[in-house]
Amino acid sequence: MIAEVIVDVAAYPIDRPFDYAVPAEWESVMEPGLRVKVPFGPRKVVGYVTAIKMHSELDSGKIKPVLEIIDLEPVLSTELLALSKWMAAETIAYEIDALQVMLPAAMRAKYEKIMRVVKPELLDDSFREFLGNREQVSLKALQDAHLLNEVKKYSEQGIVQIDTAIQQKTKMKKVRMIHIPDTAHLESALEETHSNAKKQVELLQWLLLHPSKSMEASEIMNKSGVKANVLKALLDKQVIEQSQVEVYRELDAPKMRDSGKPEQLTDEQQSALSAIEQASDKKKQETFLLHGITGSGKTEVYLQAIDHVLKKGKEAIVLVPEISLTPQMTARFKGRFGELVAVLHSGLSSGEKYDEWRRIHRGEVKVAIGARSAVFAPFTNLGLLILDEEHESTYKQEESPRYHARDVAIWRADYHRCPVILGSATPSLESYARATKDVYTLLTLTKRAKQQALPEVQVVDMREELKTGNRSMFSVALADGIRQRLERKEQIVLLLNKRGFSSFVLCRDCGTVVECPNCDISLTYHRSSESLKCHYCGHEQPVPIECPECASEHIRFFGTGTQKAQEELYKLVPEARVIRMDVDTTSTKGAHERLLHDFGEGKADILLGTQMIAKGLDFPRITLVGVLAADTSLHLADFRAAEKTFQLLTQVSGRAGRDQLPGEVVIQTYDPEHYAIELSKTQEYVPFYELEMDRRRQLGYPPYYFVTVVQFSHEDVLKAADYAHKGTSFLMEQLSSESVIIGPTAAAISRLNNRYRYQCLVKYKQEPALVPVLQKLLKHYKTSWAKDGLVMSINREPTAIF
DNA sequence: TTGGGGCTTCAG
DNA sequence: TGAAGCCCCAAC
């Protein structure tokens, strides 16, 4: 029997299965999806069995045997094995990378070189002394002891052997379990125990009072008050027995709970739910775009749809952007489905993630909630996949394999013949466009679930504020609003839009942002050269001293931090209690959750933060939302800038007035006429969608075109540019004339880690040759360019063009 | 990616 | 002549 194995080596010529002989005694247990230890060249590595066959094309002399089977059960199902193949091909990644992302990080192998003594009698005395009674030592320890030269000699003489040890990063957690005999045995043991052994008598009596078959050793010690030595004495006498039992790590119980009861649905919610249930009953793959305004109760639709598939004995995956994986959200799912839910979020340790993964793998839970990678949850009978806030760019992994969770979800749904729900108040243009073309089924929720009115939105022109002499960060309207809420003991959320910090130049008098003469995109400020550059066409110009439009000298780099905002806020309302939430204050584990919890408890009046506060907050006392600088994200060198701004403004506005109290939103901007800001006033998505689609069509950007970016980097500027040229011309030659190839241009971050970066942009509507051509380019690169120090990467459908 | 073999270079 | 450094190649 032959096993085809993908080995744990990420390299171009190795990105294919290798054949290994299966020893006869393992033939009955060998199957695809198992991890094995195999010899590979002179070393030993972990590999994944992807197929079993009876014969190999290779000379039998070349085939080595599998050394060890690591798992008892396959860790990857046939479905996930097939998915990894598809994903590797689609994203142009190594298959091993595609396999590894599907498993928890704790299962990734760690290699350690160890030295094993073969002929101890031939060792020097000093070396033997160092070893003590150890038979093997890690090379690391030997290096620390400066013994590497000796080891080398011994190894050449065959006195010691160097070997690779493969270790699991995280092991299953085990506890010491004490097995307690029945009362009769305990009583007879008590009689036999000498009364001098007071503590033993005490323990036996305690055990008699607390009858149980088995108990954790630590629990016995804690509750009975005896020490470990007493326990050991009884173990030695074989009165009690012990064993190591595998347990799951205890997760923090959610602090908030949902009532657990399904809520009454509105008509709109009900018809959306029915459509999903129908698709589910018909065992049909169908992708639904659930477009519901903020507060329209999308989550309730998810919950009831999940309930429907669970009743049919199937499983569900819910993906949420990491940031909205707040206790509020998870508590709601746990409240509804209790122990059937596994939550996978970044706050868990790798061991905890591993435990959650095993709970899914063993079929102990039916619902998995998590960020991007939860889309690979090892369910075998999926009935529903949900992506909440589907427009979020965090669903795209920006390192190899560069997959999009949406595509993976649809692939899995297709495999299991089940529906996918993409939910958002502000869908990505891609998804909405597909919904209008009936690729996806559009479901719309236009009313808020609790009948509240949408908050009233006011856009404040900061240029006017400046003219009237207000140089502070807060407009008169916002400052008044804040004071008012403080008096009424209501809560305020202030969003500081920090994206694209200091990267563009803006005139404080007329709001002009310096743009590229060739492209409809703002120029990016480059400190190193004191110039402004366009990352799309390569245009470059010096930083102007005065505004090119109004000749004002109030022209400067735009951007301001949360810390400064907090100081200014203090000057404005010293009595207010402010919680600041940004990368600085949320870097420690659980900080994010704690700050939100405090805010929810009313321990602060104002929540000031960056993007991370825009989502998922659902607190009834928030009645004012202020956006301090709406335009910061508008002038990024990114064709999605307007879309992202509109999404952010809509999301954050949705935080206000979610309960009884009416909400109000104040958006401060230097560019009130911009359609992304103008339209966020009414929070109407469709008009924005139409305008933005028009613009995208004119400029030839997604979703009208697909985009692939090929990036070239090299330590030497000239070589980077040279290879970028070569690569670009290769693509031009090979791809059809329908495709638009732009570049090479300097990347937005033109030097990163001392490497110069250039890129080439491929835009296409239909290009069947794309993947094969990219594969060819990759082969070129790997077989010759890479040797010259070039690094090339391919990113299909990037979230942003850097 | 990694380890080994082979080749060159340099000092002794 | 041996050690060290570098390049190249195969890996089942």
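- Here A/K765 pairs with A/Y705 under the side chain to side chain contact (heavy atoms under 4.5 Å, CB included) rule; sequence neighbours left out.
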Give the table of side-chain donor-acceptor pairs shorter than 3.5 Å for residues 15-25 of chain A, with sequence neighbours excluded, one pair per line with atom names and distance.
residue	atom	partner	partner atom	Å
A/D15	OD1	A/E95	N	2.8
A/D19	OD1	A/K53	NZ	3.2
A/D19	OD2	A/K53	NZ	3.1
A/D19	OD2	A/S56	OG	2.6
A/Y20	OH	A/P39	O	2.7

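- Considering only residues two or more places apart in sequence or on other chains, A/H361 meets the ring pair (Phe, Tyr, Trp, His ring centres under 6.0 Å) condition with A/W357.
- Within 4.0 Å of A/K44, counting heavy atoms only, lies no atom of the nucleic acid at all.
- Among residue pairs with one or both ends in residues 111-120 of chain A, those qualifying as side-chain hydrogen bond (donor to acceptor under 3.5 Å, both in side chains) are A/D8-A/Y111, A/E112-A/Q167, A/R116-A/Q136, A/R116-A/D163; sequence neighbours excluded.
- On the nucleic acid side, DNA chain B has its first and last nucleotide under 4.0 Å of a heavy atom of chain A at B/dT1 to B/dG4, going 5' to 3'.
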Polar atoms only, N or O, under 3.5 Å: list the protein pairs with nucleotides 5-11 of chain C and their distances.
residue	atom	partner	partner atom	Å
C/dA11	O3'	A/G41	N	3.3

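- Taking A/H404 as the reference, nothing meets the side-chain hydrogen bond (donor to acceptor under 3.5 Å, both in side chains) condition, with sequence neighbours excluded.
- For A/E797, there are no side-chain hydrogen bond (donor to acceptor under 3.5 Å, both in side chains) partners, not counting sequence neighbours.
- Residues forming a side-chain hydrogen bond (donor to acceptor under 3.5 Å, both in side chains) with A/Y12 (at least two apart in sequence, or on another chain): none.
- Of the residues in residues 47-56 of chain A, none lies under 4.0 Å from DNA chain B by heavy-atom distance.
- The side-chain hydrogen bond (donor to acceptor under 3.5 Å, both in side chains) test applied to A/R402 returns no partner, not counting sequence neighbours.
- Shown here for A/V420 and A/A409, the closest heavy-atom pair between the two residues is CG2-O, 3.8 Å.
- With sequence neighbours excluded, the residues forming a salt bridge (Lys or Arg N to Asp or Glu O under 4.0 Å) with A/R128 are A/D125, listed by chain and number.
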